[in-house]
Amino acid sequence: MPAMTYRDALRQALDDAMTEDKTIVVIGEEVGRYGGAYGVTKDLIKVHGPERLIDTPISEPAIIGTAVGAAMTGLRPVAELMYIDFLGMTMDQLANQAAKIRYMFGGQIGVPMVLRTQGGTGRSAGAQHSQSLEAWIMHTPGLRLAMPATVADAYHLLRQSLTKPDPVVFIEHKALYTRKEEVDLSDDPLPWGKAAVRRQGDDLVIVTYSRQVIYALEAAEALAKKGIEATVIDLRTLNPLDFETIRTHVERVGKAMVVSEGVMTSGVAAELCARISEECFDFLEQPVIRVAGEDIPISVSQELEAGSVPSARIIAEVAERLMA
Amino acid sequence: MAPRNTASVSSRKTGSKGIEDFAPGAIVEFDRDDELKAYREMLLIRRFEEKAGQLYGMGFIGGFCHLYIGQEAVVVGMQLALKEGDQVITGYRDHGHMLACGMSARGVMAELTGRRGGLSKGKGGSMHMFSKEKHFYGGHGIVGAQVSLGTGLAFANRYRGNDNVSLAYFGDGAANQGQVYESFNMAALWKLPVIYIIENNRYAMGTSVARASAGVDFSKRGSAIGIPGFQVDGMDVRAVKAAGEAAVAHCREGKGPIILEMQTYRYRGHSMSDPAKYRSKDEVQKMRSEHDPIEQVKARLLEKGWASEDELKAIDKDVRDIVADSADFAQADPEPDVSELYTDILL
C-alpha cells in the first residue's frame, strides 16, 4: 500500500470531490496561488482553475458569510479558516446564520457548506494560533463537527462532509499534516457518524478524537507492557456523536477515561464524561476521568506548550492510577 | 427635513441603460398601470403593517415586530425593476419585502403569530422567513449579516453564469458594521452582481444618523474602492424604480456592485416597544403630510383622472380584505405541534 500524508489525503479528497461535483468551490485566504497556509490546497488551482479556488482578502466574517449565502442557493463552498483561533471573527456567521437557517426557515433550505480549519498545539504557534475550540462548535445546535485523527479519515471524512446537506465544521490538527500512513483509499470507509475502535482491551476504555487518538494508542502500548489492556475509541465526528459505541465498550469494561486537547473546563471531555456518568452509571466501577488541556493559554515555549495538553505519558500515568 | 434629493423631474420615459446615463434625482414616468400597481402594493404593505401593529397590541404577536410603514416605496419600486430569478435578502424589518416579493399575506401574518401555517412553520417569526419560489432569502436578525449573505448570492449567480442580480437591503445602522465593508471589497474585487440598498430611515433604533455616522452620505460608502452609489428619494416610488433600473442594468452587464442610498423614513418606532421619544412629533407629521409615498401616487392618479375616489376605495377594500383574512388565519391557525421541537435542525 502506498504511504501518504494527512495533508496529501486532504488534498486528494478535495481534488476528487471537485472533479465529481462542480458545485464545490474552495474559498479562503491563500487557498489558490499560495496553495494554503499548510499546503493542503497546493496546486489544486492548476487543476480546477481560479474560478473554483478563490483567493480572498483577509476578511473572515465576509468569507464565511459569502460561503453561507452561496450555499443557500445550493452551491457547496469549502470555506477555509486558516486557524480555528479566528473563529471569533466568524462565529456570528457560523452560529447565527449557518447553524440556524434550516430551523428558522422551517426546514425549507439548508446550508451545505464545509468550513475547513485547523487547530491544536505542536508548532510553537502561541496563544492565538494553537487553541482547540471544538467545544464552541459542539455547543451550537445546527452544526456538524468532524475531526480526523488518521490519514484515511482525513480523506474519507472530508469526502463525506462534502455530501452533507448541513454545515460541517471540519477541524484538522496542525501537528498531523506531515503524519504518514499506508492507506488504500479505495477501501470502504466507516459510515459517517460511526466511531472507530482503534484498539480493543478489557481493562479500560479511552474515548478520544483527533491527535489524542495517536497519543492514546501510544499510551495503550505502554500500558500493555504493564499488563493493562485498553480499548481506544476514536470518535471521528463529535456531531453526530456515536454514543452507542462508547456505551457498548464502557458497559463491557467498566472503567472509562476521556481525553481531549481542548481545555478541561466546560470542554468536550466534560460533556462526554457527564454523559457516560449519567447513562452508564450502573456499569462503572470508578468515576470517569477527564484528561484534557490545562485551563491556560498556550505558550510559544516548547516545554510549556507540551505541558499544557495531554501526552501519551500523561494518559498512561493517569490510566495506571485509575487501575491501581 | 425633506430628503436631500427631492425628486427632480425627468422627461425620460424609461429607465436608463446603466448608471452612465443615470442622473441623480431622476424618475421614471409611470403609466396608469404602473401607478395602480404601485398604489396597490404599497397599500397592501401599509394595511398589513397596521394590522400587525394591532395584533401585537392585542398580544397575538410576541417578541419582535418591526413595522415598515413609511418606507413602502423603497421595496415596491425596486421590485418593479427586477426580473424573474433576481434575489432579495434583508434584515429584520422584512414584512414589506416579503409581501412585495409576492409571498402570501396569510403565510407572513401566521408566522408573526408563530403558527404552523406560517411561512417558517412558526419557528422563525417576524424576522425569519424565506421563499425559494419568490427568491427571497430572509429575513435575518443580526444587523449587517445579510450583507455578506447577499454577496454570497451574487457570488453564486456569477459562478453559475446566469445574469441574475441580488439585492441586499440594510439600514443606516447596519452601514456601520465591519463585515459590510469586507463584503463591499470582495464584491468590488470580483465584480459581483449585487445591489447594496441602504434604507436610510434616519434612525438606527433610537440613534440618529448624525449621532452614529461620521459621514452621512451613505451612497459614498464604497467610493474608496470604486463602488458607484446614488442617493435616491426613497419616498417616491418612481425615483426608486429609476435608480433600480440603472443599478440592475449596471450589475447585469458585469460591471460589479452598486450602492443605492434610499432616503426614507419610518413613521413608527424601531419596534413595537419603542415610543420614539428621540424625535419630535412635528418631524414625523411633516414627513407624513408632505412626502408620504402612497399619498403621492394617489394624488397623481386622481389628478390625471386615471382613477376615481371610488376606484381607489375599492382597491383599499380589496387590500383590507386580504389583510383581514390573513389576520383571521393567523389567530385561528394552531400552534406548531411539540413534535416539531427537534425537526428542521440537521438532516
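Keep in mind that this is a model prediction, so the values were computed, not measured. To find a chain, count down the sequence lines: A is the first, B the second, and so on, and within it residues start at 1.
In this structure, CZ in A/F105 is found 7.5 Å from NE2 in B/H128, a value given to the nearest 0.5 Å. Within the model, atoms OG1 of A/T66 and CG of B/L192 stand 8.0 Å from one another, a figure rounded to the nearest 0.5 Å. Put simply, OH on A/Y103 and CG on B/L346 are 12.0 Å apart, with the number rounded to the nearest 0.5 Å. To the nearest 0.5 Å, atom CG of residue B/N185 and atom CD1 of residue A/I58 are 11.0 Å apart.
For B/R158, no part lies near chain A; criterion is any non-hydrogen pair under 4.5 Å. Residue A/I27 touches chain B through its side chain alone, counting heavy-atom pairs closer than 4.5 Å. The part of A/L143 that comes within reach of chain B is its backbone (N, CA, C, O), which places non-hydrogen atoms under 4.5 angstrom from that chain. Using a 4.5 Å cut-off between heavy atoms, B/S166 makes no contact with chain A at all. Contact of B/E111 with chain A is not made at all, since no heavy-atom distance falls under 4.5 Å. B/L189 touches chain A through its side chain: at least one heavy atom from C-beta onward sits under 4.5 Å away, while N, CA, C and O do not. Of the atoms belonging to B/Y159, it is side-chain heavy atoms, and not backbone ones, that fall under 4.5 Å from chain A.
For the pair B/D344 (side chain) and A/R102 (backbone), a donor-acceptor distance under 3.5 Å is absent. Between the side chain of B/S120 and the main chain of A/M104, a donor-acceptor pair closer than 3.5 Å is present. A donor-acceptor pair is defined here as one N or O able to donate and one able to accept, closer than 3.5 Å; such a pair exists between the side chain of A/Q108 and the backbone of B/L119.
For the set A/I109, A/I63, A/N239, A/V68, the entry with the most heavy-atom pairs within less than 4.5 Å of chain B is A/I109. Note: B/I345 leads B/I345, B/T343, B/N157 in heavy-atom pairs under 4.5 Å with chain A. Contact count versus chain A (heavy atoms, under 4.5 Å) is highest, among B/Q146, B/M127, B/K132, B/E182, for B/E182. Between chain B and the residues A/Q97, A/E51, A/K100, A/K164, the most heavy-atom pairs under 4.5 angstrom are made by A/Q97.
Atom CZ of A/R33 has 12 or fewer heavy atoms from other residues, nucleotides or ligands within 6.0 Å. Under a cut-off of 6.0 angstrom, the local environment of CZ in A/F243 is crowded, with over 12 non-hydrogen atoms contributed by other residues, nucleotides or ligands. Annotation for A/Q128: atom CD does not count as buried by contact number, only 12 or fewer foreign heavy atoms lying within 6.0 Å.
For the pair B/F155 and A/T73, the minimum side-chain heavy-atom distance is 4.5 Å or more. Looking only at side-chain heavy atoms (C-beta outward), A/I101 and B/F130 stay at 4.5 Å or farther from each other. Between B/M186 and A/P57, some side-chain heavy-atom pair lies under the 4.5 Å cut-off.
Here the shortest heavy-atom pairing between B/S148 and A/A62 reads OG-CA, 3.6 Å.
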In sequence, state the C-alpha distance, the side-chain angles, and the governing distance for A/T56 and B/W190, and then conclude on side-chain contact (heavy atoms from CB on, under 4.5 Å). CA-CA 10 Å; A/T56 67; B/W190 302 333; 3.8 Å; yes

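Side chains of A/Q93 and B/Q179: a donor on one and an acceptor on the other come within 3.5 Å.
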